[in-house]
Amino acid sequence: MSSINSQFWPLFFLFFLAWQLPRGVFTCTPADRSALSGFSDSLGAGIAAWPGGGGGAVNSSFDCCRWPGVHCRLFGASELRVVRLDLAGRGLAGGLNLQGGSLARLEKLSFLNLSLNSLHGPIPPELLLRMPRLRVLDLSHNSFTGELGDAAGSSDPGYSELVHLDVSFNSLSVLRDGVFRRLPRLRNFSAESNLLAGTVPHTLSSCSELEHLNMENNSLHGGLDLNFTRLPRLRAVRLGWNLLRGRIPASLSHCRHLRVVNLRRNFLSGPVPSALRRLQSLAFFNVGNNSITGIAQALQVLQDCRALSVLILTMNFHGEEMPAGGDGGDAGGVRGFPRLQLLGIASCALRGASRFFLDPGLLWILPDRRKIVFPLVSTSSTLSCNALSGPIPATLASLQALDLSHNELAGEIPASLTGLTFLSCFDVSYNRLRGVIPNVSQFSTFPCSSFAGNPGLHGEYCDGDALGRAGTGANGWWSYDTVGEIFGLPFLLGFADGLVVTVLFAYVMSPYQRTLQGKVGVARN
């Protein structure tokens, strides 16, 4: 046994050295060095810190694997090849011209990040289709224009191994339909914030491994005609801030791993499809600022998405009635949302009594100490800008924030609300409330603007006149007049005198302080 160990350990040590120290023995291949140099030269100003780069090369090593942003890997016994090129935010400028090779000649390149630069012009089709090992391509935050893909090369039978493609925050205007047919491995695609027009390419459905789709903030129009049944791995779809019309596709229900759906600010219409109740992984659903109808059906369907924690329905259901209360503590078949933390339903012009959201028997819909309603992505709770009527319920759960402004609520502010110890934001302005404003607990800290527009309300620190003038500067104790009294001319003169005296004192005492420090230093020595 000892003879075997004596033979094994020297061999293992030599193998370890050969594996761990390849850069000390090998350099990158001439082909890769030539390709990188050609790429740098094609940018005009070159790449700073590379040999021949603009501004003078900081690194003049002959080994391109030591150049900033270049990562190599040993293939075989002695071939060191470039596998990663990370040049994000390195001040690259100019167009990408891959004619004659350059980056396309990096045969082992699998990762290319050129984001956060000033590159412009078209995106060369070679980057997508003629680099067989490339799996990650990030061109985001540049100034690329034109189209993604090449119509002339659409008959090319080749396929790409790209898994991640990010062209967001550029100025692209066209997505060629055929490009996605040759990206069968694509999992993440982002083209957010471009100038894309036309329809959503239906060939995206051919990317059966797609997990994240983001084309927010463009000018895509037409219907959302993707066949989502062919995208079983989809986890997030973000198509907000476009011009999409038609209905929410019921085929989304086949994406059982779907967690995020963001279709805000489009022109979608019709009801929320009942089939979406199958989405048991759905956590975020935002269809705000559309023309969705049927608030009762929307809540009935989405309450069955048991993982749902954020639900944004703002500016839909225009003028509809709130679901009526029913037997068994529900309202219109709405039982509750067990994990919901954010619910946005502001600015819908909803009518009817407020009890559906605020009735004590229904407050278990939202766990205690969570917010009832959120507008868009704000952190302020709101049921504002509707037409809710009736009194404010006297019994509420432990809320953190409550905004009932711009409704038609009547009656008095229940004294029991002063027991909401976690309440940090409260707004009932512009209703028909009357009576006394509570002046205990947190209510003494709320500004008068929280009660404005209710002529019948009055309080110790907010009278009716101040409430009526809220928003014009006279809103109670924190008004322009009060600030003027505190921070008026006497205050400013006193502040100026104090500042001058302080500066003079520091100037006079500075030599004495230095002398004292010198004496202390001598004493220590």
Side-chain angles (χ1 to χ4, degrees), residues 95-99 101-104 109 112-115 119-228 230-231 234 236-246 249 266:
L96 289 183
N97 183 5
L98 300 189
Q99 293 181 357
S102 66
L103 289 181
L109 190 67
L112 178 59
N113 186 355
L114 301 177
S115 63
L119 300 172
H120 57 79
I123 296 176
E126 293 87 349
L127 281 179
L128 304 179
L129 305 172
R130 296 174 188 173
M131 301 185 69
R133 289 180 177 267
L134 192 62
R135 294 175 62 83
V136 175
L137 177 59
D138 190 344
L139 303 174
S140 62
H141 295 272
N142 279 284
S143 300
F144 289 112
T145 57
E147 60 189 35
L148 182 66
D150 184 10
S154 60
S155 59
D156 189 339
Y159 290 92
S160 171
E161 293 294 320
L162 272 178
V163 172
H164 177 96
L165 176 58
D166 190 347
V167 293
S168 57
F169 295 95
N170 282 282
S171 298
L172 299 174
S173 56
V174 177
L175 285 180
R176 288 296 177 185
D177 209 37
V179 68
F180 296 104
R181 292 195 180 96
R182 289 173 288 169
L183 301 175
R185 307 294 185 211
L186 192 63
R187 295 181 186 175
N188 305 306
F189 176 65
S190 179
E192 178 184 357
S193 297
N194 278 274
L195 304 175
L196 297 175
T199 59
V200 178
H202 69 277
T203 53
L204 274 168
S205 300
S206 63
C207 303
S208 59
E209 298 184 17
L210 192 65
E211 296 181 1
H212 298 90
L213 173 61
N214 181 6
M215 291 194 289
E216 285 190 335
N217 193 25
N218 283 285
S219 298
L220 299 171
H221 57 79
L224 186 51
D225 297 329
L226 281 179
N227 184 2
F228 288 98
R230 299 178 60 187
L231 301 173
L234 195 63
V237 53
R238 296 180 172 90
L239 294 170
W241 294 83
N242 278 287
L243 306 173
L244 299 175
R245 297 183 179 274
N266 280 284

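Throughout, residue positions are numbered sequentially from 1 according to the sequence presented.
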Item to complete: Locate the shortest heavy-atom distance separating V163 from L186; write the atom from each residue and the value.
Response: O-CD1, 3.6 Å
Worksheet item: What pair of heavy atoms forms the shortest contact from G149 to L128, and how long is it?
Response: N-CD1, 4.2 Å
Discussion item. Does either side chain, that of D177 or that of H202, offer a donor lying less than 3.5 Å from an acceptor on the other one?
Written reply: yes
Under 4.5 Å between any side-chain heavy atoms of [X] and [Y], yes or no?
X	Y	answer
F144	L114	no
P184	Y159	yes
V136	N113	no
L175	M215	yes
L172	I123	yes
S168	S193	no
N170	T145	no
S190	H212	no

Discussion item. Main chain of L196, side chain of N194: is a donor-acceptor contact present, judged purely on distance under 3.5 Å?
Written reply: no
Practice prompt. Kindly indicate, with the supporting measurements, whether the criterion side chain to side chain contact (heavy atoms under 4.5 Å, CB included) is fulfilled by L213 and L226.
Written response: CA-CA 12 Å; L213 173 61; L226 281 179; 3.9 Å; yes
Discussion item. Tell me whether the rings of H141 and F169 are parallel (<30°), tilted (30 to 60°) or perpendicular (>60°).
Written reply: parallel
Discussion item. Nearest 0.5 angstrom please: L139 CG to L112 CG, how far?
Written reply: 6.5 Å
Fill in: Cationic N near anionic O, under 4.0 Å, E147 to R176
yes
